[in-house]
Amino acid sequence: MKVLVITYYWVPAGGSGVQRWLKFVKYLRDFNIEPVIFTVDGANYPIVDASLEEDIPGGIEVIKNPIWEPNNLFSVFKKKGAKTSAGFLDPNPSFFGKVMQYVRANYFIPDARKFWIKPSVKKLKKYLEENKIDAIITTGPPHSLHLIGLQLKRELGVKWIADFRDPWTDIDYFYQLPLTRKARAKHHQLEQEVLINADVTLVVGETMKKNYEKFSSNIHVITNGYDSEEQNEVEVKLDEQFSITHIGLMNADRNPKIVWEALSELSKENAEFSEDLEIKLIGNIANEVEEELAKYQFKNITKIAYVPHSEVQNHQKSSQILLLAVNKVPSAKGIITGKIFEYLQAKRPILAVGPEDGDLAEILTKTNAGTIVDFDGKAKMKKEIMQLYADYKKGNLQVASKDITQYHRKKLTEQLSIILKQVVNS
């Protein structure tokens, strides 16, 4: 059985966008499925991580098609020093920045990679006519890739799986875009067309599944996960300081203000706590977060812009506490950041900020891996931190997590293989 995976993010892209399908591809052959990759040639990836090459099985066919990126043009109008990652939407753009945001939001629908749709459909039609492919898979964001799948489905009748790593109109920054009513309606229309016409829709969480069920009766949840072999795990020494570590992008919406407030107040109330505390931030941080932290004058903050994915696990395993923050947006209940699963694998206590009745809270409860505190629960946050600190002082800061193997990438790929075979044989 052979499947064609259409993805914008592929090695050497780093960051979270590439992980899901890189790991599926790593294990698909174990379930008698041969993947073929169709991706961009000349992409302007904000993060590059060549170490991920190690995860690509030998002999995988990779087809590339050139792409024109209007984002390169938009970057000319960004303020000096502004973040370039897709994870950041400038909340205080210059005049020209506002114009560009408006143009991008209303004229590049569904996103700025829309110009890759037509040439990709043309190239893939020829490829599919000349090669036996049992099913195609599109993964978004960028959601313009789903429109490639939609057109191939309509013109060739090929079996098609649409994979949503993030929602479309419910994605965290969608409500911030300066969309006209017409543009907003167009986004919803295209999203529904994809859901209605795809043979199967894959999503990463239960909330997204519930939201999409009104348009499709064949939706499956396959979460993101972690990837390591138990026998290859290396013992990592815990940090001597009371370290609270966040790994990954932290934009303005994901800024865990109650954590900083709680840590600041606890530092003033307890001099020993202040000396022991270390805040570790690994990944790109929005200017708003930098400014927020500067207000509190913490004694010990470590900032590392980016480390290769191969080194991330060591930082996770050495930390006393792993900090996880959900974006404070209307769709917060459905947000499950990919790093939660690698946090689980690190087996260190997780302290999360987000809805206490959301998808992330459910995972933490089921695995007994940590605590989540609502965006405004500062008193509870202080209590939780002090309990963790007390255990740290006793040399007994541990976590008794359970049932985390269900999130191993190979186990998740097995779930995917069952779905793919059902689609092809239906």
Side-chain angles (χ1 to χ4, degrees), residues 3 5 7 16-17 19-28 31 33 135-141 143 145-146 149 159-172 191-192 194-227 324 326-327 331-345 350 352 354-369 372 401-424 426:
V3 296
V5 181
T7 177
S16 59
Q19 292 294 325
R20 182 170 171 86
W21 281 94
L22 175 64
K23 299 301 185 179
F24 282 147
V25 167
K26 178 179 178 180
Y27 291 112
L28 274 173
F31 305 100
I33 297 174
I136 64 169
I137 300 160
T138 56
T139 180
H143 296 302
L145 273 66
H146 293 314
K159 300 283 187 178
W160 170 37
I161 296 92
D163 173 62
F164 286 81
R165 302 190 317 276
D166 285 306
W168 187 327
T169 55
D170 265 342
I171 200 165
D172 49 21
E191 181 180 37
Q192 291 170 26
V194 168
L195 293 166
I196 291 167
N197 286 279
D199 293 280
V200 169
T201 298
L202 302 179
V203 294
V204 296
E206 291 294 336
T207 296
M208 207 190 309
K209 179 182 178 182
K210 289 173 186 172
N211 291 340
Y212 282 170
E213 280 177 336
K214 62 176 76 74
F215 306 112
S216 172
S217 59
N218 200 359
I219 302 179
H220 297 266
V221 175
I222 300 184
T223 67
N224 289 310
Y226 68 90
D227 186 38
L324 191 62
V326 165
N327 302 53
S331 57
K333 285 186 180 181
I335 295 177
I336 309 174
T337 61
K339 70 175 70 68
I340 175 61
F341 304 104
E342 294 192 351
Y343 277 16
L344 291 175
Q345 194 271 333
I350 297 170
E356 295 178 3
D357 58 349
D359 290 356
L360 177 61
E362 185 176 355
I363 291 172
L364 288 173
T365 300
K366 283 183 176 179
T367 57
N368 194 43
I372 190 163
S401 54
K402 61 183 181 181
D403 300 331
I404 68 170
T405 54
Q406 62 183 300
Y407 299 115
H408 192 284
R409 295 285 189 179
K410 187 170 183 179
K411 193 79 174 174
L412 297 167
T413 306
E414 182 179 17
Q415 294 177 30
L416 173 66
S417 71
I418 292 169
I419 295 167
L420 291 176
K421 289 170 184 176
Q422 288 173 343
V423 172
V424 170
S426 62

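Fair warning: this is a prediction, and the values are worked out from it, not measured in the lab. Heavy-atom basis, side chains included; hydrogens, waters and symmetry copies ignored. Throughout, numbering of the chain's residues begins at 1 and tracks the sequence.
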For the residue pair [X] and [Y], what are the closest heavy atoms and their distance?
X	Y	answer
Ser331	Ile171	OG-C, 4.3 Å
Phe31	Tyr27	CD1-O, 3.4 Å
Lys333	Thr207	O-OG1, 3.8 Å
Val221	Gln415	O-OE1, 4.1 Å
Val423	Val200	CG2-CG2, 3.1 Å
Ile161	Ala135	CD1-CB, 3.9 Å

Just to verify, what does [X] make a salt bridge (Lys or Arg N to Asp or Glu O under 4.0 Å) with, not counting sequence neighbours?
X	answer
Glu356	Lys380
Asp170	none
Asp163	Arg20

pair [X]-[Y]: side-chain heavy atoms closer than 4.5 Å:
X	Y	answer
Trp160	Val194	yes
Ile350	Leu344	yes
Gln19	Asn224	no
Val203	His220	no
Phe24	Leu412	yes
Leu360	Ile335	no

Hey, could you give me the [atom1]/[atom2] distance between [X] and [Y], rounded to the nearest 0.5 Å?
X	Y	atom1	atom2	value
Asn218	Leu195	CG	CG	11.5 Å
Arg165	His143	CZ	NE2	8.0 Å
Asn368	Thr365	CG	OG1	8.5 Å
Phe341	Ile336	CZ	CD1	5.5 Å
Lys209	Thr201	NZ	OG1	11.5 Å
Lys23	Tyr226	NZ	OH	12.5 Å

(message) With no hydrogens and no angle check, just 3.5 Å: does a side-chain donor-acceptor pair link Glu191 and Tyr212?
(response)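 A donor-acceptor contact under 3.5 Å links the two side chains.
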(request) Would you mind telling me which of Gln345, Lys26, Arg409 makes a side chain to side chain donor-acceptor pair (under 3.5 Å) with Asp227? (result)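 Single side chain to side chain donor-acceptor pair (under 3.5 Å) partner of Asp227 among Gln345, Lys26, Arg409: Lys26.
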(request) Before giving the answer on side-chain contact (heavy atoms from CB on, under 4.5 Å), spell out for Trp168 and Gln192 the whole-Å C-alpha distance, their side-chain angles and the decisive distance to 0.1 Å. (result) CA-CA 10 Å; Trp168 187 327; Gln192 291 170 26; over 6 Å; no
(request) Check the pair Leu420 / Ile137 against side-chain contact (heavy atoms from CB on, under 4.5 Å), numbers first and verdict last. (result) CA-CA 10 Å; Leu420 291 176; Ile137 300 160; 3.9 Å; yes
(message) Quick one, Thr7 with Leu22, criterion side-chain contact (heavy atoms from CB on, under 4.5 Å). Give me CA distance, side-chain angles, the key distance, then yes/no.
(response) CA-CA 10 Å; Thr7 177; Leu22 175 64; over 6 Å; no
(message) Does this structure show an ion pair linking Glu362 with Lys366, if we count only N-O contacts that are shorter than 4.0 Å?
(response)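 Yes, charged N to carboxylate O under 4.0 Å.
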(message) Can you tell me which residue among Leu28, Val424, Leu416, Thr413 is in a side-chain contact (heavy atoms from CB on, under 4.5 Å) with Ile33?
(response)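 One option only clears the test, and that one is Leu28.
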(message) Determine whether Tyr407 and Ile363 satisfy the following criterion, side-chain contact (heavy atoms from CB on, under 4.5 Å), listing intermediate values before the conclusion.
(response) CA-CA 10 Å; Tyr407 299 115; Ile363 291 172; 3.9 Å; yes
